[in-house]
Amino acid sequence: MKPIFVLNGPNLNMLGLREPAIYGSDTLKDVETRCAAQAKALGFGTVFRQSNIEGELVNWIHEARTASSGIAINAGAYTHTSVALHDALKAADVPAVEVHLSNVHKREAFRHHSFIAPAVNGVICGFGVNSYELAITALANIITAKEKG
Ligand code: DQA
């Protein structure tokens with residue numbers, strides 16, 4: 001089985017330091033460890049990456065088309081701005097789940113719109129690091145159902 005790509009956008013490298021009241025005290029390394037454990041329990045490996053550069057995320061989504069079973073993506077602020085990520089996810093042709101640590105709908109109005117939501121299977125937000133584990137579980141279910149045909 002190909003790995004699940006877990007892709008992280010801008011400022012998520014600052015996790016643990018950045019607005020802990022909103023994003024918690026876990027670091028991105030902690031998130032990576034939890035994602036790997038959850039995926040492993042479900043029979044998957046993970047490729048876990050972070051970039052502050054939009055085009056790099058686009059390239060990784062393209063790579064995921066052939067190299068992954070599915071994509072969990074926390075695009076950070078690019079969620080609310082990026083047509084390029086929308087288009088890349090449309091082209092990816094593998095299951096994808098949008099993830100957020102915080103409940104973006106409880107926050108500023110500019111976070112209520114997602115450009116990537118229409119290009120993915122579903123959206124999970126508001127559960128802290130558990131959002132990632134839930135996304136991996138959802139992806140594993142979709143991928144397994146697809147395998148069974
Ligand atoms: C975030 C929510 C976004 O609105 C914000 O720009 C982030 C993090 C989250 O995980 O809650 O960088 O994606």
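Atoms within each ligand, like the ligands themselves, are counted from 1 in listed order. Numbers for residues simply follow the sequence, beginning at 1.
- One distance of note links CH2 of W60 with CD1 of I53; it measures 8.0 Å at 0.5 Å rounding.
- At the shortest separation from atom 11 (O) of ligand 1 among protein heavy atoms lies S102 OG, 2.6 Å.
- In terms of protein heavy atoms, atom 9 (C) of ligand 1 is closest to L101 N, 3.4 Å.
- At a 4.0 Å heavy-atom cut-off, ligand 1 touches R111 through the side chain alone.
- A pairwise comparison of heavy atoms in L12 and Q50 identifies N-NE2, 4.0 Å as the closest pair.
- When all heavy atoms of A92 and I61 are compared, the pair lying nearest together is CB-CG2, 3.8 Å.
- Ranking protein heavy atoms by distance to atom 4 (O) of ligand 1, first place goes to H80 NE2, 2.7 Å.
- Considering backbone and side-chain N/O of A77, one or more are found under 3.5 Å from N/O of ligand 1.
- Contact annotation: for R18 versus ligand 1, heavy atoms closer than 4.0 Å belong to the side chain alone.
- Heavy-atom minimum distance, V47 versus P3: CG2-CG, 3.9 Å.
- For atom 1 (C) of ligand 1, the nearest protein heavy atom (residue, atom name, distance) is H100 ND1, 3.6 Å.
- Distance alone, capped at 3.5 Å, places no donor-acceptor pair between the S82 side chain and the Y78 backbone.
- Atom SG of C125 is separated from atom CG of N103 by 4.5 Å, given to the nearest 0.5 angstrom.
- Taking only non-hydrogen atoms, the option from Y23, F110, Y132 nearest to atom 8 (C) of ligand 1 is Y23.
- Close contacts of ligand 1 with V104, meaning ligand atoms under 4.0 Å from a residue heavy atom, involve 2 (C), 4 (O).
- Ligand 1 is approached by N74 to a heavy-atom distance shorter than 4.0 Å.
- Of the possible donor and acceptor atoms, one in the side chain of H112 sits under 3.5 Å from a partner among the backbone N and O of R107.
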